[in-house]
Participant: 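Got a structure here, written out as structure tokens. Questions coming.
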Amino acid sequence: MSISSDEPRVVVLTRPGCHLCEQAIEVIDAVCAETGDSYEERNVDRDPELKRRFGDEIPVTFVDGRQHDFWRVDPDRLRAALRA
């Protein structure tokens with residue numbers, strides 16, 4: 001997954017109705033509010049390639065274009081990645 005420099009630092013692949021996705025967004029929203037970073041939520045089902053690659057691991061979190069986590073988001077790990 002490529003992320004250009006004008007995109008948010010955090011991108012999370014989600015799916016509607018996914019309780020783990022809802023929990024991940026809560027953590028990401030809180031951490032990004034603390035750090036001042038932006039994030040974007042993307043529906044994995046809207047992109048066939050992303051669905052093929054990551055559909056069984058959602059939510060999948062990327063920081064600065066690199067995969068960071070899947071299934072759960074640890075707030076301390078996310079803060080550390082955003083400080084790096």
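Quantities reported herein were computed from a predicted structural model and do not represent experimental measurements.
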Participant: Decide if the gap between the ring center of Phe62 and the ring center of Phe54 is smaller than 6.0 angstrom.
Facilitator: yes

Participant: Going by heavy atoms in the side chains, are Tyr39 and Ile25 under 4.5 Å from each other?
Facilitator: yes

Participant: Tell me, do Cys32 and Val10 make a side-chain contact under 4.5 Å, heavy atoms counted?
Facilitator: yes

Participant: What are the two closest non-hydrogen atoms of Ile58 and Cys21, and how far apart are they?
Facilitator: CD1-SG, 4.0 Å

Participant: Hey, does Pro59 have a side-chain heavy atom less than 4.5 Å from the side chain of Leu13?
Facilitator: no

Participant: Using the side chain to side chain contact (heavy atoms under 4.5 Å, CB included) criterion, which residues pair with Val31? Sequence neighbours excluded.
Facilitator: Val27, Thr35, Pro75, Leu78, Arg79, Leu82

Participant: Using a strict threshold of under 4.0 Å (side-chain N to carboxylate O), is an ion pair present between Arg42 and Glu7?
Facilitator: yes

Participant: Tell me, do Arg72 and Arg77 make a side-chain contact under 4.5 Å, heavy atoms counted?
Facilitator: no

Participant: If I compare all heavy atoms of Glu40 with all of Pro8, which pair ends up nearest, and what's the gap?
Facilitator: CB-CG, 3.6 Å

Participant: Thr61 versus Ile28: any side-chain heavy-atom pair under 4.5 Å?
Facilitator: yes

Participant: Do other residues, nucleotides or ligands put more than 12 heavy atoms under 6.0 Å from the CG atom of Asn43?
Facilitator: yes

Participant: Mind checking side-chain hydrogen bond (donor to acceptor under 3.5 Å, both in side chains) for Arg15 and listing every partner two or more places apart, or none if nothing turns up?
Facilitator: Asp45

